[in-house]
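In what follows, a single structure is set out as structure tokens and then discussed.
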Amino acid sequence: MTDDASPWLVVGLGNPGGEYAGNRHNVGFMVADLLAERMSARFKAHKSRAQVVEGRVGPPGPLSRRVVVAKPMSFMNLSGGPVTALRDFYKVPVGHLVAVHDELDIDYGALRLKVGGGDNGHNGLKSITKSLGADYCRVRFGIGRPPGRMDVAAFVLKDFSAAERKELDYFVDRAADAVETLIADGLERAQGTYNS
């Protein structure tokens with residue numbers, strides 16, 4: 001059981017650098033950016049090799065939760081280092097760690113929230129799990145499978161298609177809502193509302 005007073009750490013997974021900004025693999029960064037915007041906060045460099053913002057989620061007063069939103073500035077496959085450093089710095093119990101990431105095996109725009117499980121070939125999750133174990137929360141943002149015989153690595157490192165971009169803001173908004181619900185109201189409530 002985690003202590004309610006402990007902060008939450010929400011990690012949006014992605015690759016740093018402008019050339020990756022619109023990639024499917026960077027949807028975690030997109031959700032983190034929106035959460036920061038909702039907190040009216042700007043990302044700042046942190047010694048953990050991540051960009052962070054600190055704020056609160058939930059209703060004002062004693063029920064609001066302290067939250068650190070982070071974007072690791074290592075490449076995706078090295079995410080575990082910055083995430084572990086942040087977890088240690090902010091003293092975040094593993095049950096209060098939320099990874100937001102792209103998921104190939106879910107239809108585009110669909111969300112699934114869960115705790116634990118495998119990494120399904122996702123290098124960011126693989127790196128975090130290797131460092132911290134698997135018992136953290138995941139907000140899985142569906143990007144669907146690549147068309148035809150397209151290589152998976154090429155697919156995730158491509159920008160969303162023009163058709164996908166028409167709905168992307170809506171889906172990123174919904175994913176940010178899901179993160180806030182998870183933190184404020186718990187996993188079960190968030191799953192019941194957002195798992196599709």
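These figures come from a predicted structure and were not determined experimentally.
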Euclidean distance, [Y] [atom2] relative to [X] [atom1], rounded to 0.5 Å:
X	Y	atom1	atom2	value
Leu35	Ile183	CG	CD1	7.5 Å
His101	His122	NE2	NE2	6.0 Å
His25	Tyr20	NE2	OH	10.0 Å
Tyr194	Arg189	OH	CZ	10.5 Å
Asp159	Leu168	CG	CG	10.0 Å

Indicate yes or no: at least one non-hydrogen side-chain atom of [X] is less than 4.5 angstrom from one of [Y].
X	Y	answer
Asn15	Leu157	yes
Leu187	Gln191	yes
Ser127	Asn77	no
Leu125	Arg138	yes
Arg66	Trp8	no
Arg24	Glu164	yes
Met73	Gln51	yes
Met39	Val69	yes

Sequence neighbours left out, cut at 3.5 Å: what donor-acceptor pairs do the side chains of residues 141-151 make with other protein atoms?
from: Arg145; atom 1: NH1; to: Asp105; atom 2: OD1; distance (Å): 2.8
from: Asp151; atom 1: OD2; to: Ala153; atom 2: N; distance (Å): 3.3
from: Asp151; atom 1: OD2; to: Ala154; atom 2: N; distance (Å): 3.2

Within the 6.0 Å centroid threshold, strictly below: His96 and Tyr136: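 So the answer is no for these two rings.
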Any donor-acceptor pair under 3.5 Å from Thr181 side chain to Ala190 backbone: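 No, the answer is negative, given that no donor and acceptor are paired below the 3.5 Å cut-off.
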Less than 4.0 angstrom from a charged side-chain N to a carboxylate O is my criterion; do [X] and [Y] meet it?
X	Y	answer
Arg140	Asp102	no
Glu103	Arg112	no
Glu180	Arg38	yes

Donor on one side chain, acceptor on other, Tyr90 and Glu54, under 3.5 Å: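 A donor-acceptor contact under 3.5 Å links the two side chains.
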Over 12 non-hydrogen atoms of neighbours within 6.0 angstrom of [atom1] in [X]:
X	atom1	value
Asp185	CG	yes
Glu19	CD	yes
Lys114	NZ	yes

Positive for side-chain contact (heavy atoms from CB on, under 4.5 Å) with Val11, one of Leu97, Val52, Val100: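 Exactly one option meets the side-chain contact (heavy atoms from CB on, under 4.5 Å) with Val11, and it is Leu97.
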Stepwise salt bridge (charged side-chain N to carboxylate O under 4.0 Å, His left out) check, Lys71 with Asp33: CA-CA 9 Å; Lys71 298 189 294 185; Asp33 286 339; 2.6 Å; yes
Listed once per pair and sorted, the salt bridge (Lys or Arg N to Asp or Glu O under 4.0 Å) pairs that draw on residues 115-136, sequence neighbours left out: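 As it turns out, there is no salt bridge (Lys or Arg N to Asp or Glu O under 4.0 Å) pair with a partner in residues 115-136 once direct neighbours are skipped.
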